[in-house]
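Computed from a predicted structure; not experimentally measured. Proteins get letters first, then strands, A, B, ... in listed order; numbering begins at 1 in each.
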Amino acid sequence: MKNLEISRIFREIADILEIKGDNPFRIRAYQRAAQNIEGLTEDLESYAEGERLREIPGVGEDLANKIKEFVQTGDIKAYQKLKKSLPPGLLNLLDIPTIGPKTAKLLYDKLKIKSIADLERAIRSNKLKGIFGIKEKTVENIIKGIELLKRGKERMILAEADSVASKFLQALGKLPQVKKICFAGSLRRQKETVRDIDILVSSSQPQKVIEAFTRVRGVKQILAKGPTKSSLRTDEDVQVDCRVVP
DNA sequence: GGACTTGT
DNA sequence: GGTTCGAC
DNA sequence: GTCGAACCGTACAAGTCC
């Protein structure tokens, strides 16, 4: 089921276009398509097979092609290109309540702020005040927003963790060297919220498993990579740890 | 008071 | 970017 | 059928800045 992935990508494209000040109607088009795709009960892949993508409200020739591209190749070139046109991390600013595209762009243009870490540094060194449109009150709100975000981001609800976890399960499960694979930690215990995902793999060739693990689609950053252990961060900002045992 | 941004 | 609608 | 133009979800509250 690629539906959620694609709608996420479309939303992200909309965010990027918004920061870049693109045509508002174009932005809305992506948002609308994303929303309609989310509500779909049927798999996009079957829409694609039957050439029925355009039956989806808000999906025309262009978006249909992008969906088709994703279904076939697992990626969308135009999306990658668009993503590269912006510093990685800048989009994360939008996750902060009170910061929308305008403010994100402002911070980037005026202060070269391109990540939440940058923003925190700027706040600490009092660089934020004095920028056009930002005074003490706004700075306070941003600080509160960051705190809120961090509290919420540290833990995610089980359902989210599950969907990320299943991607890895699927990817690693395909490997012939894998004998057994299971989850550990809070995900296994089915706690209401989890901080990260722990995967335990049994294999005679740990290196191969680690290799595959770090190459799963949607990996943003590799935090550690050793012969039998590795941990990484996904595009959804979820940390995933993997241990391989004989 | 008016303009603007975010969020619903 | 999508959709509608009239002209051709 | 297809080409191009015009239009596209509306309305609003709240907060901040000027």
At a cut-off of 3.5 Å, list every protein nitrogen or oxygen paired with a nitrogen or oxygen from nucleotides 6-8 of chain B, distance to 0.1 Å.
from, atom 1, to, atom 2, distance (Å)
B:dT6, OP1, A:Gly100, N, 2.9
B:dT6, OP1, A:Gly100, O, 3.1
B:dT6, OP1, A:Pro101, N, 3.4
B:dT6, OP1, A:Lys102, N, 3.2
B:dT6, OP1, A:Thr103, N, 3.1
B:dT6, OP1, A:Thr103, OG1, 3.1
B:dG7, OP1, A:Thr98, N, 2.8

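- Every residue was checked against the salt bridge (charged side-chain N to carboxylate O under 4.0 Å, His left out) condition with A:Asp43, not counting sequence neighbours, and none meets it.
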Please produce a list of atom pairs where a protein N or O lies less than 3.5 Å from an N or O of nucleotides 4-12 of chain D.
none

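- A:Ser230 contributes no side-chain N or O that, together with a main-chain N or O of A:Cys242, makes up a donor-acceptor pair within less than 3.5 Å.
- Between the A:Ser46 side chain and the A:Glu42 main chain, no donor and acceptor come within less than 3.5 Å of each other.
- Atom CD1 of A:Ile123 and atom CD1 of A:Ile142 lie 6.0 Å apart (nearest 0.5 Å).
- Residues of residues 107-121 of chain A having a heavy atom closer than 4.0 Å to DNA chain C: none are found.
- Rounded to whole Å, the P atom of C:dT3 lies 11 Å from the corresponding atom of D:dG9.
- Within residues 69-93 of chain A, no residue approaches DNA chain C, by heavy-atom distance under 4.0 Å.
- A donor-acceptor contact closer than 3.5 angstrom is absent between the side chains of A:Glu12 and A:Tyr30.
- Taking 4.0 Å as the cut-off between side-chain N and carboxylate O, A:Glu147 and A:Arg151 do not count as a salt-bridged pair.
- Annotation: salt bridge (charged side-chain N to carboxylate O under 4.0 Å, His left out) contacts of A:Arg233 (sequence neighbours excluded): none.
- Here D:dG15 presents its P atom at 14 Å from CD of A:Glu140, a figure rounded to the nearest Å.
- In terms of the salt bridge (charged side-chain N to carboxylate O under 4.0 Å, His left out) criterion, residue partners of A:Arg11 (sequence neighbours excluded) are, by chain and number, A:Glu38.
- For A:Asn92 (side chain) and A:Ile116 (main-chain N/O), no donor-acceptor pair under 3.5 Å exists by modelled atom type.
- For the pair A:Ala64 and A:Val59, the tightest heavy-atom approach, listed with the atom from each and the gap, is N-CG1, 3.6 Å.
- Closest approach of A:Ile19 to A:Ala104, counting heavy atoms only: CD1-CB, 4.3 Å.
- Residues from residues 48-62 of chain A lying near DNA chain C, meaning a heavy-atom separation below 4.0 Å, are A:Gly58, A:Val59, A:Gly60, A:Glu61, A:Asp62 in numerical order.
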Might you list the N or O atoms of the protein lying below 3.5 Å from N or O atoms in nucleotides 16-18 of chain D, with each pair's distance?
from, atom 1, to, atom 2, distance (Å)
D:dT16, OP1, A:Asn141, ND2, 3.3
D:dT16, O3', A:Thr138, OG1, 2.8
D:dC17, OP1, A:Lys135, N, 2.9
D:dC17, OP1, A:Lys135, O, 3.3
D:dC17, OP1, A:Thr138, N, 3.3
D:dC17, OP1, A:Thr138, OG1, 2.7
D:dC18, OP1, A:Gly133, N, 3.2

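- Sorted by first and then second residue, the salt bridge (Lys or Arg N to Asp or Glu O under 4.0 Å) pairs involving residues 125-141 of chain A (not counting sequence neighbours) form an empty list.
- First and last contacting nucleotides of DNA chain C toward chain A (any atom under 4.0 angstrom from a heavy atom, 5' to 3' order): C:dG1 to C:dT3.
- In this structure, CG in A:Asp15 is found 13.5 Å from CZ in A:Phe10, a value given to the nearest 0.5 Å.
- Pairs passing the salt bridge (Lys or Arg N to Asp or Glu O under 4.0 Å) check and including a residue from residues 74-89 of chain A, sequence neighbours excluded, do not occur.
- Under the 4.0 Å criterion applied to side-chain N and carboxylate O atoms, A:Lys68 and A:Glu49 are not assigned as salt-bridge partners.
- At least one donor-acceptor pair under 3.5 Å links the side chain of A:Asp118 to the backbone N or O of A:Lys114.
- When atom types are taken as modelled, the side chain of A:Ser202 and the backbone of A:Lys179 share no donor-acceptor pair closer than 3.5 angstrom.
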Problem set entry | Worked verdict on A:Val209 versus A:Gln205 for side chain to side chain contact (heavy atoms under 4.5 Å, CB included) | CA-CA 7 Å; A:Val209 176; A:Gln205 294 184 292; 5.9 Å; no

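- One finds no salt bridge joining A:Lys167 and A:Glu5 here, because no Lys/Arg side-chain nitrogen approaches an Asp/Glu carboxylate oxygen to under 4.0 Å.
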Problem set entry | Check against side-chain hydrogen bond (donor to acceptor under 3.5 Å, both in side chains), A:Thr73 and A:Glu69 | CA-CA 6 Å; A:Thr73 71; A:Glu69 182 185 351; 4.6 Å; no

